[in-house]
Structures are given as structure tokens and as C-alpha cells.
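I have placed the structure first, in the form of C-alpha cells, so that the comments after it can refer back to it.
First listed ligand is number 1; within each ligand, the first listed atom is number 1.
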Amino acid sequence: MEQNGFKVAVVGATGAVGNLMVKVLEERAFPVSELKLLASARSIGKTLGFKGRQIAVEELVEESFEGIQLALFSAGSAISRKFAPIAARSGAVVIDNSSAWRMDPQVPLVVPEVNPDAALSHSGIIANPNCSTIQMVVALKPIYDAVGITRIVVTTFQAVSGTGKRAIEELRTQVSDIMQGRETVRQIYPHQIAFNCFPHIGAFLENGFSEEEMKMVNETQKIFSDPEIRVCATTVRIPVIYVHSEAVNIETKKPVSPEQVRTLLQAASGVRVIDDPSSAGYPVPLDAAGTDDTFVGRIRRDPSVENGLAMWVVADNIRKGAATNAVQIAEVLLSRGRL
Ligand SMILES: NC(=O)c1ccc[n+]([C@@H]2O[C@H](COP(=O)([O-])OP(=O)(O)OC[C@H]3O[C@@H](n4cnc5c(N)ncnc54)[C@H](OP(=O)(O)O)[C@@H]3O)[C@@H](O)[C@H]2O)c1
């Protein structure tokens, strides 16, 4: 721990995202003088490693945030709705991974490669966008700035880690049961996820879209500060453990060639272009897992519309899509002297 560091709390530290937040704080050498690991009463007795020390997990209670300067939340919306204001009132800056505060006009929704300055206008809570939105806007921001984007049509291929640690277990157990000739058991998903996929992430709404699909619409408009940008999403769960992939199709305001887009993206922070299809050179989940970049490939002209482009965007959903993005927001605050 660093004497001149910050007192940091991770809420949901035993979960898929929270666990990784602890790792990412260490990997990126974020200055931490004290780390408080918070979860439910079920986790009392567990410890997690940080910088060579084992730290005991504590139960989250209203008093947990006394003296805390930075609180990273990833314990679901209900916990964030209740405890994020408590943490903020006690003086912490909250960076929240749940969807509880994302669309609140008082709460900035931040992707550091896209709208870092928005973080500075916070009143105690900053929201981390949905994982599928983050990787899409990171890939599209350089194009948006160069030629404008009027419409996005996106289909996602989302890993089970996006649903949390119990969903990872469900996929592993179902695969093992099938290989052993046993019946599969479903607890988390509406269908068997092993050797299957389904276009159903979050509840369905009256307009026929799922909650996940509408998050991609609303969050993209908020992050780009562009209520006019049209977005149509289809979100699909697939039997991959880590890393979301997206087939993204855009219409730009001005014409732009695939070569120009490759050049723009090669220069962009946080983006890696892998685009050599003739030698099977395109991003895939197994290569992106465990990394912090957003990978883009298969960049090509869409001949079905004027100014149309299609591409393939891949990123680790619990790193760039969650934990890394949250720590990067904290780094923005730190670098601007706002923590
Ligand atoms: N996974 C992703 O790709 C992703 C991406 C972006 C955002 N998010 C968001 O991040 C949040 C966590 O997701 P996850 O995937 O990490 O879920 P997860 O693996 O199920 O972990 C949930 C965490 O919340 C804690 N928790 C649950 N109930 C609690 C309570 N009553 N009091 C205190 N802690 C409690 C759990 O503690 P116990 O272990 O003690 O139960 C655990 O640490 C969700 O809001 C999710 O939408 C996830």
C-alpha cells in the first residue's frame, strides 16, 4: 500500500467484475493506501490478494464508507441505488458499474477514450456504461469525430461472464453434463446455453426490444451527447466465457473508405486493428480475453446504402467492458486533480 495513495472500497469484490477491479487496481499501479473489500454477509471469512497481502472481505453496511475516497461499485443495481448515495454523502467519489444511475441526467456516463471530460462534472456518482456499449463507442468514436455517424445497426455476441460468476458456472456445468451424457440443469438462463445461443439479454420491453438492446441505444446517445444518432441493436447470448463480439454496421454523414477507417482506428487510443481476412486475420474472443484493448477487423464498405460501413468489434467484457473502464475513469479524475 502507498502512504500517499487513496482509501478505496470495492463493493461486490467477490463477483466477476469486482474481483477483476481489485486486480486491475494492482496491475495499473493505482495509488491505494487502504483497500476495503465489501460484499454480502455470505462472503464473510473470504480473503482476496492485493499487492502480496490477503485482505478480508467485509459485509457491506451503511457505515462501510467512512473515510473512503473512491468507491468502485459492482454488486448490482439494487445495491448501487441504495448505497452509492450513502458513499457519495460520506465524501467518496463513486464509480458505478450497474445500470442504476446511467441515465440519470445528473450522473456522467463515461468512457475515457470517448468523453473523459464528462467525468469532471460529477456530483459524487459517475456511471460506467454497459459492456456492449463501451466497446462499440470506443471503436466508433474516431469515425464519429472524422465524418459523423447518423445510424448504427449492431448485433452482439455476448459472453456468459456478462451475467456474473453463477452464469460462468452454469455454462461449465452444462458442457460437462452433456459430455458425460447427463441431463442439463438451467438456473440462470431461459434456455440451455451450452452449444446454443439466444437473442434474449435482460427483460423484453413493450417496444419488442430487450433491456440490453435499449441500453445500447440510450447510452450511445448519452455518451456521444447526440440524441439524434439512430441505433438499432439485437443482443445475443452465446456460449463463450469471456469477451463480447459485435457485428457493427454504420451510416456516416460524409463518405469514408475502409482504408481511411483503418488509418483512423490504428491511431486511436485503446483500439487495435486486426484486419487481414485472407490469412484469417480478424479479432476473436480467445485472443482478446485478458486484454484491455478494443479490437476491430473485417472493416468493409456496405454497398446496400450510401456511406455504409460494416465491421467486427471485439473486447473483454469484464475488463474494458467493466473493471478496466472503471479504473480508467478514476485515473482521469486523478490526472485532473479531482480525486
Ligand atoms: N459481468 C459483466 O460483464 C459486467 C459488465 C458491466 C457491468 N456489470 C455490472 O456489474 C455488477 C456486478 O456484476 P458481476 O458480473 O460481477 O456479478 P456477480 O459475479 O454475480 O457478483 C455480484 C457481487 O455483488 C455482491 N453482492 C450481491 N448481493 C449483495 C448484497 N446484498 N450486499 C453486498 N454485496 C452483494 C456479491 O457478493 P457475494 O459474493 O457475497 O454474493 C458479488 O461480490 C452488475 O451490476 C452488472 O450489471 C457486469
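The protein atom (non-hydrogen) at minimum distance from atom 45 (O) of ligand 1 is Gly76 CA, 3.1 Å. The shortest contact between atom 30 (C) of ligand 1 and any protein heavy atom is with Ile79 CD1, 3.4 Å. Scanning the protein for heavy atoms near atom 21 (O) of ligand 1, the closest one is Gly15 CA, 3.1 Å. Atom 12 (C) of ligand 1 has Ser74 O, 3.2 Å as its closest protein atom, hydrogens excluded (heavy atom only). At the shortest separation from atom 16 (O) of ligand 1 among protein heavy atoms lies Val17 N, 2.9 Å. Protein heavy atom nearest atom 17 (O) of ligand 1, with residue, atom name and distance: Gly164 CA, 3.9 Å. Of all protein heavy atoms, the one closest to atom 19 (O) of ligand 1 is Ala16 N, 2.8 Å. Among all protein heavy atoms, the one lying closest to atom 29 (C) of ligand 1 is Ser40 CB, 3.8 Å.
Considering only heavy atoms from C-beta on, Gln174 stays 4.5 Å or farther from Val185 through its side chain. Taking the side chain as every heavy atom from C-beta outward, His244 and Val314 never approach each other to under 4.5 Å. Put simply, the side chain of Leu60 reaches to within 4.5 Å of the side chain of Ile79, judged on heavy atoms. In this structure, Thr294 and Gln135 have side chains that are in contact, with non-hydrogen atoms separated by less than 4.5 Å.
The backbone N or O of Asp292 lies less than 3.5 Å from no partner atom in the side chain of Asp316, so there is not a single donor-acceptor pair. Side chain of Arg336 to backbone of Leu120: no donor-acceptor contact under 3.5 angstrom is found.
Under a 4.0 Å criterion applied to the non-hydrogen atoms of Gly321, ligand 1 contributes the atoms 5 (C), 6 (C). Residue Thr14 has at least one heavy-atom neighbour below 4.0 Å for each of these atoms of ligand 1: 36 (C), 37 (O), 38 (P), 39 (O), 40 (O), 42 (C), 43 (O). Of all the atoms in ligand 1, the ones that sit under 4.0 Å from a non-hydrogen atom of Ala39 are 33 (C), 34 (N), 37 (O), 40 (O). Listed by atom number, the atoms of ligand 1 under 4.0 Å from Ser43 heavy atoms are 38 (P), 39 (O), 40 (O). Taking every non-hydrogen atom of Asn97 and a distance limit under 4.0 Å, the qualifying atoms of ligand 1 come out as 6 (C), 7 (C), 8 (N), 9 (C), 10 (O). The atoms of ligand 1 that sit less than 4.0 Å from any heavy atom of Ile318 are 1 (N), 2 (C), 3 (O). The distance from ligand 1 to the heavy atoms of Ser98 drops below 4.0 Å at these ligand atoms: 45 (O).
In the model, Tyr144 has a side-chain atom that pairs as donor or acceptor with a side-chain atom of Asp226 under 3.5 Å. Using modelled atom types and a 3.5 Å distance limit, the side chains of Asn317 and Ser161 yield a donor-acceptor pair. A side-chain donor-acceptor contact under 3.5 Å links Thr184 and Gln192. Side-chain contact annotation: Glu219 with Thr133, donor-acceptor N/O pair under 3.5 Å present.
The shortest N or O to N or O distance between Thr163 and ligand 1 is not below 3.5 Å. Annotation: Ala322 places no N or O atom under 3.5 Å from an N or O atom of ligand 1; distance criterion only. Between Gly18 and ligand 1, a contact under 3.5 Å exists for no N or O pair. Considering backbone and side-chain N/O of Gly12, one or more are found under 3.5 Å from N/O of ligand 1. Considering backbone and side-chain atoms alike, Pro129 places every N or O at 3.5 Å or more from each N or O of ligand 1.
Screening Pro129, Ser74, Cys131 for a side chain to side chain contact (heavy atoms under 4.5 Å, CB included) with Asn97, the sole residue that qualifies is Ser74.
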**Asked** Is there a side-chain contact (heavy atoms from CB on, under 4.5 Å) between Ile95 and Leu70 once you walk through the steps?
**Response** CA-CA 8 Å; Ile95 300 175; Leu70 173 68; 3.9 Å; yes
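Taking all heavy atoms of Ala159, Ala100, Ser77, Ala75 into account, the minimum distance to atom 24 (O) of ligand 1 is reached by Ala75.
Within the 4.0 angstrom cut-off, atom 47 (O) of ligand 1 has no protein heavy-atom neighbours. Less than 4.0 angstrom separates atom 4 (C) of ligand 1 from at least one non-hydrogen atom of the protein.
The side chain of Leu60, and not its backbone, has at least one atom closer than 4.0 Å to an atom of ligand 1 (non-hydrogen atoms only; side chain from C-beta on). Within the 4.0 Å heavy-atom criterion, the part of Ser161 lying near ligand 1 is the backbone and not the side chain.
Between Phe6 and Phe30, the ring planes lie tilted relative to each other; the angle falls in the 30° to 60° range. Between His200 and Phe198, the ring-plane angle classifies as perpendicular under the 30° and 60° cut-offs.
Heavy atoms of Arg42 come nearer than 4.0 angstrom to ligand 1 in at least one pair.
To the nearest 0.5 Å, the span separating NZ on Lys320 from CD on Glu113 amounts to 3.5 Å.
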